[in-house]
Amino acid sequence: MERDHQEMVVPPVEGVAGGGTAYGWSDTGVNDPRPLRGAIDPTKVPSLELLNVWCMPNTANVGPQDMPRELESISLLAARNERESIQIAISPKVSWGGSGIAGTVQVQCTDLCSPCGARLAVGQSLTLRRVVPVLGIPDALVPLDMPVCQLNLFPGETTVIWVSIDVPSEQTAGQYEGEIIISASKAEAESTNQSLSKLEKHQLYRELRDCLDTVEPLEGKPLEEVVERVKSATSSLRRVLLSPLFSDFFSDNGPIDMMEEDAISSLSIRLKISLTVWDFVLPATPSVPAVIGISDTVIEDRFGVEHGSNEWFELLDQHFKWLLQYRISPYFCRWGNGMRVLTYTSPWPADHPKSDEYFSDPRLAAYAVPNGPIVPCGDTAKDYLRREVEILRTKTHWRKAYFYLWDEPLNIEQYTSLRRMASDIHAYAPDARILTTYYCGPSDAPLSTNNFEAFLKVPAFLRPHTQIYCTSEWVIGNREDLAKDIIAEIQTENGEEWWTYVCLGPGDPHPNWHLGMRGTQHRAVMWRVWKEGGTGFLYWGANCYEKATVPSAEIKFRRGLPPGDGVLFYPGQVFSSSQQPVASLRLERLLSGLQDIEYLKLYASRYGRDESLNLLEKTGMYLGPERYTSEHRPIDVMRGEVYRTCQS
């Protein structure tokens with residue numbers, strides 16, 4: 001089987017316990033619950049008689065064994081510069097295929113168009129991805145061909161398609177409508193359309209290439225020449241269309257396939273999509289920085305690149321640019337002794353044009369500055385630091401900069417090392433922001449006899465060597481009132497900030513991004529940030545799976561951690577020949593949560609922060625870390641209320 005074929009291969013993924021077989025796929029085969037009587041020609045039977053099709057919100061975890069529901073049209077709301085997603089589930093009622101599959105379906109999308117002629121184009125604004133289970137839980141989102149893709153269905157299993165609509169910032173507000181057309185079809189091997197031979201392909205390529213060469217250099221040409229070139233191109237295109245390759249589509253009276261196409265279309269399932277684009281534009285720069293770690297050593301090992309090589313820079317650049325679409329601010333990292341960490345957003349020195357490109361990008365809300373060389377350059381760490389800081393402090397984007405030096409210091413020795421490193425930075429840049437993650441004070445020199453009191457005294461203990469105090473949500477537990485005690489210790493008037501983070505804790509039922517948690521639980525991570533009043537968020541790793549030495553190698557979550565912790569995307573090569581990373585459902589829900597914050601911030605700008613918190617509560621969307629909706633409807637109610645009350 002070719003890797004880029006749309007029939008999905010079960011991905012190699014191993015869990016914490018060394019499993020890797022529980023994908024919802026049966027090792028022994030599944031008996032068709034409705035034995036067939038005679039062969040079925042899917043081109044002559046309404047697809048609704050062969051398929052169950054239904055829609056689910058993006059917070060639903062739709063597994064391979066999920067039961068069908070009623071099919072309803074899709075109605076969505078999105079601001080400009082926002083991504084909104086929906087899921088389409090398909091399961092076979094009967095079998096019409098062979099070779100162990102229930103049958104094949106073809107999925108086709110149309111552009112979404114408004115009455116004024118504006119459109120959201122398929123393949124650009126509208127994309128499809130297949131939801132692939134990981135450890136039996138829907139998580140990986142593998143891109144599908146656009147605008148038409150073909151999928152194999154399996155007996156007794158539900159296949160899920162993730163539909164995303166990205167609305168550009170400049171998109172005209174209004175009502176947009178389109179369709180997703182789902183048709184049961186014959187397998188490729190049964191198709192009467194044979195592939196073109198290599199000679200025929202070359203001939204067709206040459207004709208089209210000549211046509212393009214004729215019309216491409218038109219700018220600045222005299223009108224007469226332009227007319228002649230267009231005539232020549234038209235003649236070439238007509239010759240191609242009238243060639244024997246397309247003879248099946250024409251007769252003496254013109255196209256003859258329209259009736260057949262209409263007949264097939266009448267048998268298809270046509271799913272209507274209605275999207276309301278409103279005039280609010282999500283800010284290009286996220287209001288709450290979400291800084292997410294990317295392990296450079298994992299990239300080096302898996303892709304076989306040497307640290308500091310051209311290929312290394314290219315891979316880091318690819319990851320950085322890909323992750324920006326999720327409204328997060330990536331930083332690369334490598335771990336040292338005692339949880340010391342080297343973090344950097346740009347692998348290039350501060351005086352390199354690429355660094356300025358990275359740091360000036362409005363989508364980047366915060367960037368990490370290294371306190372020493374990333375790639376050996378002959379400078380001492382202090383000389384390198386001084387030069388970097390001198391350059392960056394002259395830039396307008398310096399306000400985004402932070403230094404992340406140590407992860408969760410635990411004892412006096414580690415806290416002392418952290419303060420010494422921070423002092424070196426402040427010697428060159430007194431206005432530099434140092435970020436420190438922690439969940440306790442020094443264990444060998446308690447700041448108080450009470451653990452939480454000791455935790456509250458960490459800011460006073462670290463000051464002035466930290467400006468961003470980043471605490472674990474695990475410490476707060478279900479006592480949201482403790483957030484006020486933490487904030488009371490932060491000197492916001494002196495530029496100090498309180499950020500939060502999650503990692504292996506907190507666990508269920510609190511919001512986190514572990515595999516197997518509910519969709520609203522993933523999305524609620526950011527609702528919690530807004531309600532508690534944090535001004536930033538950190539996540540330790542998005543690609544921190546176990547070491548591998550080839551890109552397509554089996555994915556293994558790190559032992560001792562909850563499945564999914566430290567992993568928000570997968571290498572594309574695990575699922576297909578694609579070089580692009582593959583997002584998880586959890587990464588998409590992180591994005592949705594960040595977008596929800598922008599809605600709440602807009603509402604707060606009109607009616608005050610307290611009213612935005614009241615909106616969270618009265619809709620039933622989020623009341624606390626153990627009291628939030630498990631259903632999607634309250635999310636739509638919140639977003640709809642912001643739309644109703646805040647549209648221009």
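- Judged by the 6.0 Å and 45° rule, Arg433 forms no cation-pi pair with Tyr402.
- A donor-acceptor contact shorter than 3.5 Å is absent between the side chain of Gln467 and the backbone of Glu496.
- For Tyr331, the side-chain hydrogen bond (donor to acceptor under 3.5 Å, both in side chains) test picks out no residue, with sequence neighbours left out.
- Salt bridge status for Asp431 with Arg393: present, with a side-chain N to carboxylate O gap under 4.0 Å.
- Remark: aromatic rings of Tyr438 and Trp499 are distant, center separation not under 6.0 Å.
- Within 6.0 Å of CH2 in Trp312 there are more than 12 heavy atoms belonging to other residues, nucleotides or ligands.
- Evaluation of the side-chain contact (heavy atoms from CB on, under 4.5 Å) rule for Arg83 yields Ser85, Arg129, Ser164, Asp166, Gln325, Tyr326, Glu588, Leu591, Gln595 as partners, not counting sequence neighbours.
- Judged as a ring pair (Phe, Tyr, Trp, His ring centres under 6.0 Å), and not counting sequence neighbours, the contacts of His319 are Phe569.
- Legend: residues meeting side-chain contact (heavy atoms from CB on, under 4.5 Å) with Asp383, ordered by chain and number and at least two apart, are Asp379, Thr380, Arg386.
- Residues passing the side-chain hydrogen bond (donor to acceptor under 3.5 Å, both in side chains) test with Tyr469: none are found, sequence neighbours excluded.
- Contact check on Arg327 versus Glu82 returns no salt bridge, with no Lys/Arg side-chain nitrogen under 4.0 Å from an Asp/Glu carboxylate oxygen.
- Checked against side-chain contact (heavy atoms from CB on, under 4.5 Å), Ser612 has the following partners two or more places apart in sequence or in another chain: Trp530, Tyr603, Ala604, Arg609.
- Remark: aromatic rings of Phe313 and Trp348 are close, center separation under 6.0 Å.
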